[in-house]
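Taking it in order: structure first as structure tokens, then the write-up.
Any value given below was found using the heavy atoms of this structure, including those in side chains, with hydrogens, waters and symmetry copies removed. We name chains A, B, ... by the order of the sequence lines, and we start the count at 1 in each one.
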Number of protein chains: 2
Amino acid sequence: MPRDPDRTRAKILAAAVTEFAANGYAGSRIDRIAARAGANKRMIYHHFGGKQDVFEAVLADRLTTESATEDLVRLWMHEALERGDGDIVGLAERRRLAVAQVESVRTAQGEGALPNDLDPSFLAMARLALDVFPLAFPQLVRVYGDNGATSNEFREAWTGFLQDWYKPRERSRAKPRLKLDRDGVARAATRPGQPRRP
Amino acid sequence: MPRDPDRTRAKILAAAVTEFAANGYAGSRIDRIAARAGANKRMIYHHFGGKQDVFEAVLADRLTTESATEDLVRLWMHEALERGDGDIVGLAERRRLAVAQVESVRTAQGEGALPNDLDPSFLAMARLALDVFPLAFPQLVRVYGDNGATSNEFREAWTGFLQDWYKPRERSRAKPRLKLDRDGVARAATRPGQPRRP
DNA sequence: CGTTGGAGTAACTAATTAGTTACTTTGTCC
DNA sequence: GGACAAAGTAACTAATTAGTTACTCCAACG
């Protein structure tokens with residue numbers, strides 16, 4: 001197989017994304033990244049420098065996406081835990097995306113799909129917070145209800161709830177989506193219109 | 001100084017809370033916990049078992065509180081990253097607290113302080129999500145605006161925004177709290193009524 | 001061609017770290 | 001008062017792991 005430094009670098013980066021998303025900085029292993037990339041460990045130092053540099057490269061590569069996927073949210077969490085809000089990697093690019101999202105909120109407000117008397121920047125952040133929460137804190141979802149955060153039941157119920165909240169004027173029938181059982185524990189009701197398989 | 005196993009155990013646990021909140025599981029060091037506790041490392045194994053057991057003891061001890069503090073949120077993040085939503089420690093106690101919070105949401109709905117046509121369980125979770133977000137993802141707050149998540153400016157603006165959103169009927173004047181500067185980057189305006197020191 | 005420098009490999013090192021061993025001290029109960 | 005178990009200490013071990021050394025290989029360029 002022919003040499004191809006760019007491909008090697010890319011394979012290492014991809015392996016590092018997986019490793020760091022799964023294990024965080026301290027929990028990640030250079031050897032494991034090398035193994036998964038099918039590359040020699042020495043190549044990581046050759047192409048990136050050191051562990052810290054690989055981590056930063058991962059952040060720079062993957063920290064900006066339209067929709068919040070599980071891997072991305074985990075990287076955000078690791079970023080926050082390791083680095084706080086100082087020295088944000090790829091800030092300019094990320095701001096550009098944020099501004100675009102604020103813009104789309106503004107449009108939605110114009111169309112009556114979102115409350116138009118709230119600040120669009122904060123509203124965009126709030127939407128992000130509510131989207132990210134179940135991915136970031138699945139155990140808290142389980143504390144408030146029985147359905148796992150990744151289950152279809154929960155996802156649909158949560159999306160429905162958010163839509164009702166976002167569009168306060170048009171609250172149609174919107175009756176409780178959860179009911180409490182005898183122990184006072186929340187349980188998702190099947191969504192209306194959702195076929196239940198027998 | 002007299003022997004006091006309970007006190008030793010408590011000191012170790014307190015040191016472990018700090019260590020794990022700061023560094024997560026993989027990043028935490030048994031030696032550091034021992035040093036901070038002023039105890040011998042061996043005592044950690046004596047009183048708890050192993051590193052994993054100390055971690056679980058920390059989770060059980062600190063995972064339930066009324067208000068979300070920074071340490072608690074960091075522990076929640078580490079818990080989610082390390083353990084996902086399986087095998088939740090102290091589930092019963094945490095559910096009890098969640099139910100109480102849902103109850104207080106229900107009361108607030110009755111008083112008109114919260115929209116009364118939304119499911120109280122989901123509304124309680126949403127409030128938690130919005131409270132926790134700035135503590136969990138300070139870097140994203142910085143992407144959407146200039147004020148740090150811990151600054152008074154941000155905290156007050158965020159609280160104000162949430163109150164306006166929670167009480168949709170009584171939206172008073174509520175004009176944008178953020179304005180975009182020439183780069184399209186959000187900036188918090190000083191809150192009305194907030195004295196600005198010269 | 002041949003030489004030069006980046007790409008790649010294998011084996012090593014130095015440090016760190018969870019967990020243990022083998023021991024001493026202390027309080028308590030008879 | 002002495003026996004016994006729990007509380008505590010210091011030094012050790014075995015494994016892991018980031019980073020290095022000292023090489024070989026290959027391709028392009030003159």
Practice task
Mind telling me whether B:Phe20 and B:Tyr25 have parallel, tilted or perpendicular rings, with 30° and 60° as the class edges?
Solution key: parallel
Handout entry: Parallel, tilted or perpendicular: rings of A:Phe161 and A:Trp158 (30°, 60°)
Key = parallel
Handout entry: Donor-acceptor pair under 3.5 Å, A:Lys41 side chain vs D:dG19 base
Key = yes
Handout entry: Earlier contact from the 5' end, DNA chain D, for B:Thr8 and A:Asp31
Key = B:Thr8
Exercise for the section: Report the distance from atom CG of B:Leu135 to atom CH2 of B:Trp76, rounding to the nearest 0.5 Å. Expected result: 9.5 Å
Exercise for the section: Output the distance between atom CG (B:Leu162) and atom OH (B:Tyr166), rounded to the nearest 0.5 Å. Expected result: 4.5 Å
Practice task
Please determine, for the side chain of A:His47, which listed nucleotide (C:dG8, D:dA7, C:dT20) has the closest atom?
Solution key: C:dG8
Fill in the blank from the handout: Closest to the side chain of B:Tyr45, out of D:dA7, C:dG19, C:dG8, is C:dG19
Handout entry: Protein-nucleotide distance (A:Asp53, atom CG; D:dG19, atom P), rounded to Å
Key = 9 Å
Handout entry: Between C1' of C:dA7 and CZ of A:Arg7, the distance in whole Å
Key = 14 Å
Problem - Phosphate-side-chain proximity, A:Arg29 and D:dA18, N/O vs OP1/OP2 below 4.0 Å - result: yes
Exercise for the section: Kindly say if B:Arg3 contacts the phosphate of C:dT26, meaning a side-chain N or O under 4.0 Å from OP1 or OP2. Expected result: no
Practice task
For B:Arg42, report the nucleic acid contact type (base, sugar-phosphate, nothing); a contact means any heavy atom under 4.0 Å.
Solution key: base
